[in-house]
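Notes follow once the structure below has been shown.
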Amino acid sequence: MELSAKYNPAETEDKWYAYWLENKFFHSEPDSREPYTVVIPPPNVTGILHMGHVLNNTLNDVLVRKARMDGKNACWVPGTDHASIATESKVVAKLKAEGISKEDLTREEFLRHAWEWKEKHGGIILSQLRKLGASCDWDRTKFTMDPDLSEAVINTFVYFYNKGYIYRGVRMVNWDPVGLTAVSDEEVIHRDTTSKFYHLRYYISDGQGNPTDKYLIIATTRPETIMADAAICINPADERYHWLKGKKVLIPLINKEIPVIEDSYVEMEFGTGCLKVTPAHDVNDYEIGIRHNLPVLDIIDDHGRLNEKAQILVGEDRFDARRKIEDMLREAGNLEKVEDYTSPVGYSERTNAVIEPRLSMQWFLKMDALAKDALESVESGKVKLIPDKYRNTYRHWMENVRDWCISRQLWWGQQIPAYYLPDGQVVVAQTPEKALELAREIMPEVGADDLRQDEDVLDTWFSSWLWPISVFDTNKAGHPDAEPNRDLAYYYPTNDLVTGPDILFFWVARMIMAGNEFMNDVPFRNVYLTGIVRDKLGRKMSKTLGNSPDPLVLIDKYGADGVRLGMLLCSSAGNDILFDESQVEQGRNFCNKIWNAYRLVTGWNVDESANQPEASAVAVKWFAAKLNEVLETVEDHYGKFRISDALMAIYKLFWDGFCSWYLEIVKPAYGAGIDKATYEATISFFDSLLKMIHPFMPFITEELWQNMASRKDGETIMLQRMPVAGEYDKNFIQDFEMACETVVAIRGIRQQKGLSPKDSLKLNVGAGFPENVMSVVVKLANVVPAENGAESQESGVSFMVRTVKMSVPLTGLVNEEEEIAKLEADLEYQESFLASVRKKLSNEKFVSGAPEKVVAMERKKEADSLSKIESIKASLAAYGK
RNA sequence: GGGAGCAUAGCUCAGUUGGUUCAGAGCGUCUGCCUUACAAGCAGAGGGUCGGGGGUUCGACUCCCUCUGCUCCCACCA
């Protein structure tokens, strides 16, 4: 078969992926082998592939393919997340573009649109993952809103409700006025925001609701909320304001009378030391309100507009109202001054709207007991975080966690299985039928139509925290006492989870909680936390910056293998990834290197009658040893999740070790055949190398592996066993490296002196050079060693290889003065090196204090240095110095 | 405001209990090569007071203190 000089990924990738699918190589069923299980962090069902997914899933695929080749029963479960708020807002936007408003639809109508949208656009990302080569078990694809997975979510809710962990109550929550829903604390991002600090005069009331000429000043960033003020608060220890005790003040513009109260919460040094208390619109004020029994007046509606309770500016958006009230206050003489101010403001993670602290009725899950166990799981090492610096962050979060607000005012998601009786009492049950039964225990005459189900749905994470359980068994979540089914019993706990640190708390911690609760075991053993993919300048990749390349375009341009390699090359665990397209180019180049090495090897003709040249025998022996050495290193890297290090070790083995050294040595002369022993060894090495590379670059390795022998249908490299490191001769590797260093030195001399590689040179070799590898030097450096390695008196260029003195006689070509200067510089360096070693050795404390091994090493340095000085001096003597 | 982490070559990073001739790798740069697998390549070369300062030690990139610069997480100072 004729192979082009360049590898063309487009011709091979789809072909082999289809072949893998046809043969169901990715599919796993429980059997007697050890399982290796991974669940995908489910991407949003409407999401499209971005570089973060590429990183994450490439790493996952490497681990899964490696485990599969290690003989484990590897199972990687793919799927998507319904992402309630994100998906719902997309559907709302799409409907809006069609002139349909969500308010005009019934819940059922809206959900029909949403499901249509999901069927049409959902799961694109999964097909994109196939382009990347992900070896997921597609037969197991799950969606967090599949009927059975939803059932598991409902069961879980009922379980925790019955356990007393779920409660409903009016609490201050984070309200998203754009998404029109409450969000959890974790979904609020605080960013420093510049705003204004308004200093307002509140006049003291004369007791009849009329202003006196006395006033106090409060400082606020939110003047539009003054109408909801319930009190003015001072610190009881603040002497400046003792005169205010028991007084009442008037809210500007609306002249409403409110009391002055005292609470030590108020910082005397901050602002003016007077705080306006607005219980409905600030978390702290709410707490103060409870302590002092203040009325709660909510003047902001769902959309963030002032409502009629505000009396003024009714219907205005809160930010418009802020601008307008500033003028009104100024006109009324209540505005003392306005300062620029920067303070942290909460934004919704999903809609980027400014979060409005708001009182509302929500469902909560008690976290203390769950968090305590989940913390223990990590502290005890049952779950390992990689890198482990995240343990601190994890602990801090788990020790300070607050109850989880799990209700969302959305339609897309699992509707809360709580049913209200006509009198407002609530029952919680899996189905309306069961709810009715429960309801009748309370109120026997109640009918099915009298029950009203809670309108809210559950937080997305309330379904994805079950993921490692529910993808296998949808009954077990919510039923800790149930027997796990065959799949769950076999695959749980999963082995590794690869995900980003940004969802360590959202998702990872909560999965641990659910695992402990329902399985009495953690959901995974290792959590590999990747960095965030950034651009070359260190900026986060984002649509608005336009600095995020489309992975599919990259795959088109460089091939999936190239993209995978480019991503992995720069991905040390836990560090952010600074991605640059040039790395993908490097990946593509590596593909090409492999391709061309293959072309070379398969282009050889075996000459049955040829004997194996000595250099080839040496090369084969060396590479066999080197291969073992690298296999050992790579295994160690894998064990520590140092994936990019494992890759780099293999990369260098192939490019430098195999191509630059091994192949150059065994390569037969043009037109000549190759001996059988070398050929077979070479093919076998190539086979091992392809297997080692396969987890990283699945496509090209399959292509070449299939090509290198006639394979049966149904055979694949991905199910071959990964080579295992055996015993090897470390000393021989050392000897071979000396040969390489010698070759490099001679090539350097050639370059310096402008000598063609075609001209043979003589080489004088000093004592101590390993004779067994000389044939390699002869072949690659094109030299003829002097008889018996005798020291020559001819003038030439001399050099040291470790402790062996070598020289290339070059009569007429050598500039003696330069040569002598070089030798003298060497001598000077060696002598000062020797002096420093001897200083150490003459230090009594060193000799007695340092380990024997270290002292012995110093003595060897001394001896080596002495012998080097010796031979440099001899060389100088040859020049008459 | 609290906590964590980072700083090593032009860039991205290794450096695994302080001691192998330890100051490294990849990429980039420079020089010479279209050498019969590969110019997406080959051969060779240069490049760092390990952020600054102090300390512990026979010995510090490595441990301690401090300063500077950056990053992230958490947080209700209006």
Side-chain angles (χ1 to χ4, degrees), chain A residues 3 5-7 172 185 190 197 218-222 233 265-267 269-272 274-278 282-287 341 343-344 346 357 387 389-393 396-397 400 501-502 504-505 532 536 538 558 562 569-572 574-580 582-583 585-586 588-604 636 640 642 644-645 648-649 651-652 659-660 663-664 667 669-671 744 747-752 754 756-758 802-803 833 837 839-840 843-851 853-858 860-861 864-865:
Chain A
L3 296 175
K6 286 193 166 51
Y7 170 61
M172 199 48 103
D185 294 337
H190 294 272
F197 215 19
I218 62 105
T220 180
T221 54
R222 301 202 60 189
C233 191
Y265 165 78
V266 178
E267 296 283 339
E269 290 73 32
F270 191 84
T272 61
C274 289
L275 169 71
K276 75 185 197 68
V277 184
T278 319
D282 185 279
V283 182
N284 301 301
D285 292 11
Y286 180 66
E287 303 290 329
Y341 188 64
S343 62
K389 66 178 177 185
Y390 287 106
R391 282 177 60 164
N392 287 326
T393 331
H396 183 258
W397 192 76
N400 295 283
D502 48 333
L504 183 56
F505 309 128
I532 292 165
K536 196 179 168 171
Y558 299 101
L569 278 170
C570 55
S571 61
S572 53
N575 290 332
D576 282 358
I577 314 302
L578 270 55
F579 179 83
D580 184 32
S582 70
Q583 290 150 356
E585 208 176 310
Q586 192 186 344
R588 177 203 58 182
N589 294 355
F590 187 47
C591 283
N592 211 39
K593 188 69 185 176
I594 299 170
W595 183 258
N596 277 296
Y598 182 77
R599 285 210 304 148
L600 172 69
V601 170
T602 51
W604 288 339
D636 184 55
K640 293 170 180 157
R642 294 167 160 245
S644 61
D645 289 346
M648 188 46 69
Y651 179 93
K652 282 194 279 190
C659 295
S660 297
L663 289 180
E664 290 301 326
K667 190 154 89 175
Y670 184 62
V744 168
R747 282 173 180 164
I749 291 167
R750 278 205 148 93
Q751 165 118 345
Q752 242 173 32
S756 162
K758 286 171 184 151
R802 302 197 182 174
T803 58
F833 179 75
V837 172
K839 189 178 163 198
K840 227 185 253 190
N843 183 332
E844 203 36 54
K845 285 181 178 170
F846 171 73
V847 179
S848 57
K853 213 177 82 185
V854 176
V855 177
M857 191 52 64
E858 289 302 314
K860 182 174 184 315
K861 283 187 201 171
D864 287 353
S865 185

Residue-phosphate contact under 4.0 Å: Arg747(A) side-chain N/O, G44(B) OP1/OP2: yes

Sugar-phosphate, base or nothing in reach of Gln586(A), heavy atoms under 4.0 Å: sugar-phosphate

Base of U31(B) paired with side chain of Gln751(A) (donor-acceptor, under 3.5 Å): yes

Phosphate OP1/OP2 of A37(B) contacted by Lys667(A) side-chain N/O (<4.0 Å): yes

Pairwise 5' ranking along RNA chain B for Tyr670(A) and Tyr265(A), keeping only the more 5' one: Tyr670(A)

Phosphate-side-chain proximity, Asn589(A) and G41(B), N/O vs OP1/OP2 below 4.0 Å: yes

Touch class at under 4.0 angstrom, heavy-atom based, for Ser343(A) against every strand present: sugar-phosphate

Between G18(B) (P) and Met857(A) (CE): distance, integer Å: 18 Å

Side-chain N or O of Lys652(A) closer than 4.0 Å to phosphate OP1/OP2 of G24(B): no

Pairwise side-chain contact, Leu600(A) with Asn596(A), heavy-atom cut-off 4.5 Å (strictly under): no

5' priority, RNA chain B, between Ser865(A) and Val266(A) [closest heavy atom]: Ser865(A)

Side-chain N,O (Lys861(A)) to OP1/OP2 (U21(B)) below 4.0 Å: yes

Sugar-phosphate, base or nothing in reach of Asp864(A), heavy atoms under 4.0 Å: base

Asn843(A) (side chain) and C58(B) (base): donor-acceptor pair under 3.5 Å: no

Aromatic ring of Trp595(A) stacked on base six-ring of C38(B), 5.5 Å, 30°: no

P spacing across the pair C50(B) / A23(B), given as an integer number of angstrom: 12 Å

Sugar-phosphate, base or nothing in reach of Cys659(A), heavy atoms under 4.0 Å: base

Donor-acceptor pair (no angle test) under 3.5 Å: Glu664(A) side chain, A37(B) base: yes

Heavy-atom donor-acceptor pair, Lys640(A) side-chain to U16(B) base, under 3.5 Å: yes

N or O in side chain of Tyr341(A) less than 4.0 angstrom from A78(B) OP1/OP2: yes

Interatomic distance where CG belongs to Asn392(A) and C1' belongs to C72(B) [whole Å]: 13 Å

Sugar-phosphate only, base, or nothing, as touched by Arg642(A) at under 4.0 Å among non-hydrogen atoms: sugar-phosphate

Separation of C27(B) C1' from Tyr651(A) OH (nearest whole Å): 8 Å

Sugar-phosphate, base or nothing in reach of Lys6(A), heavy atoms under 4.0 Å: base

Closest nucleotide among C27(B), A40(B), A37(B) to the Asn592(A) side chain: A40(B)

Sugar-phosphate, base or nothing in reach of Phe833(A), heavy atoms under 4.0 Å: base

Under-4.0 Å side-chain N/O to phosphate OP1/OP2 contact, Ser660(A) with A43(B): yes

